[in-house]
Amino acid sequence: MTGVARWTGREVLAFRTARRENGRDFAAKVGVSHRMLVKWEKRGATIIPRAQYQSALDTMLSTALPVVQERFATLITEQAAAEHDARAEELLRRETHYEKSPIDGKLMVPVEEGVYMAGPDNKPTWVEGYSIDVYPTTNADYARFVRATGHRAPQHWSDGKCPDSIFDHPVVWVTWHDAAAYAEWAGKALPTSQQWEKAARGAKGRAYPWGDAPTAAKCNVLDSEIGRTTPVTRYQSGVSPYGVFDMCGNSWEWCATESDPGRHELKGSAFTSPFTRAAPSLTNDADATMADNDTGFRCVRV
């Protein structure tokens, strides 16, 4: 599906219509108040949402079901034809770069080779090109791996089966070795700390995936007072410059990078962490045999 060159209130209304979603739920996924959404839709083509909301809407469109994308394209095309609007005709031209991993079926996005600003000191660092999972590995993803390989299930699954209530939450209670085994099965790898950080911050080194503003409401951290993991698609307004979700909060993520023999770096913070630990430039580490209720992973492909 192609992206949107510039969203106005008119396209927002068309997209919500295509999703067949009520205003409050749609607004929550974009990261705005329902009142603001009503304002956008009422003012139509005369209002342009801010950049962070443009990014959230682009990501929602790129990751929407094909039937939703088709409905949206039809609505926009009809608008363009009826109003002779050249700008509306341009909305669906930009190519998306999302791709699907052939084994585990996860959506991935490429990160180009080049320099990015790394660490708390923003040190220029070169990273080769790679693709990274858009979402953390979910319980549903891990269940397919368990069925295919006979690998042991996480301890919080009753009778070794993934609970329906958390199928779209990040899988937790996995050691580094569990995560590496999944990555090998999927034909991928765990990201290095640098790969993970670039995907979270972008080449220019944003302080947070969404920008430089310290906004705890854009992620699931201790300050959110949720007290558990949440669906990996929940924080639409907290995506990175590459469209990657949950790079702050929800669950710590294992990296391939060793901090000491037998210990590996963790990135991203979790629902158990204060927001002050959420910046992607920061690191944590743990023994490779550690498993906890706030630690999961995602994969890369080089």
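Side-chain atoms are counted along with the backbone in the values below, which use heavy atoms only and exclude waters and symmetry mates.
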Open item on the list: I want to check something: taking the side chain as every heavy atom from C-beta on, are Met247 and Trp210 in contact at a cut-off of under 4.5 Å?
Closed with: no
Task: Path from Val302 to Val115 over hydrophobic side-chain contacts below 4.5 Å - done: no
Open item on the list: In the structure I gave you, are the side-chain heavy atoms of Arg201 and Ser281 within less than 4.5 Å of one another anywhere?
Closed with: yes
Task: Candidate list Asp294, Asn293, Thr295, test side-chain contact (heavy atoms from CB on, under 4.5 Å), partner Trp173, passing option - done: Asn293
Task: Approximate separation, where rounding is to 0.5 Å, of Arg35 CZ and Arg24 CZ - done: 10.0 Å
Open item on the list: Nearest 0.5 angstrom please: Glu197 CD to Cys255 SG, how far?
Closed with: 9.5 Å
- [ ] Looking only at non-hydrogen atoms, find the nearest pair between Pro209 and Gly238 and report the distance.
- [x] CB-O, 3.4 Å
TODO: With sequence neighbours left out, write down each residue that passes side-chain hydrogen bond (donor to acceptor under 3.5 Å, both in side chains) with Arg19, or none if nothing qualifies.
DONE: Glu21
Open item on the list: Can you confirm whether Asn250 sits close enough to Pro136 that some side-chain heavy atom of one is under 4.5 Å from a side-chain heavy atom of the other?
Closed with: no
Open item on the list: One thing to verify: whether Asp246 and Arg298 come together as a salt bridge, which I'm taking to mean a side-chain N less than 4.0 angstrom from a carboxylate O.
Closed with: no
Task: Enclosure of Glu258 CD (heavy-atom neighbours >12, cutoff 6.0 Å) - done: yes
Open item on the list: Please give the remaining members of the hydrophobic cluster of Leu266, linking ILVMFWY side chains under 4.5 Å, ordered by chain and number.
Closed with: Ile103, Tyr142, Phe145, Val146, Trp157, Val171, Val174, Trp176, Tyr182, Trp185, Leu190, Trp252, Trp254, Met290, Phe297
Open item on the list: Nearest 0.5 Å, please: how far is OG1 in Thr175 from NE2 in His264?
Closed with: 10.0 Å
Task: Chi angles and distances behind the side chain to side chain donor-acceptor pair (under 3.5 Å) call for Gln194, Thr125 - done: CA-CA 8 Å; Gln194 291 179 344; Thr125 302; 4.8 Å; no
Task: Thr230 and Phe271, any side-chain heavy atoms less than 4.5 Å apart - done: no
Task: Exercise: identify the closest heavy-atom pair between Gly23 and His34 - done: C-CD2, 3.5 Å
Open item on the list: With a sphere of 6.0 Å drawn around CG of Asn22, does it hold more than 12 non-hydrogen atoms of other residues, nucleotides or ligands?
Closed with: yes
Task: Name of the residue among Phe15, Trp40, Trp7, Phe26 meeting ring-ring contact (aromatic ring centres under 6.0 Å, His included) with Tyr53 - done: Trp40
Task: Any residue meeting side-chain hydrogen bond (donor to acceptor under 3.5 Å, both in side chains) with Tyr130, in chain and number order, not counting sequence neighbours - done: none
Task: Contact summary for Lys267 and Leu282, nearest pair of heavy atoms - done: NZ-O, 3.0 Å
TODO: Please round to the nearest 0.5 Å and tell me the distance separating atom NZ of Lys204 and atom CG of Asp212.
DONE: 11.5 Å
Task: 4.5 Å side-chain heavy-atom contact, Lys198 and Pro191 - done: no
Open item on the list: When you compare the side chain of Lys188 with that of Asp133, does any pair of heavy atoms fall below 4.5 Å?
Closed with: yes
Open item on the list: Membership question, hydrophobic clusters at under 4.5 Å side-chain separation (ILVMFWY): are Tyr235 and Tyr242 in the same one?
Closed with: no
Open item on the list: Can you give me the closest heavy-atom contact between Gly249 and Val221, atom names plus distance?
Closed with: CA-CG1, 3.9 Å
Task: Validation row: Ser55, Val239 side chains within 4.5 angstrom (heavy atoms) - done: yes
Task: Under 3.5 Å: donor-acceptor pair, side chain of Asp168, backbone of Thr138 - done: no
Open item on the list: Determine whether Arg144 and Arg147 satisfy the following criterion, side chain to side chain contact (heavy atoms under 4.5 Å, CB included), listing intermediate values before the conclusion.
Closed with: CA-CA 5 Å; Arg144 288 192 288 273; Arg147 288 196 300 269; 3.2 Å; yes
Task: Check: Ser224 and Phe275 side chains under 4.5 Å, non-hydrogen atoms - done: no
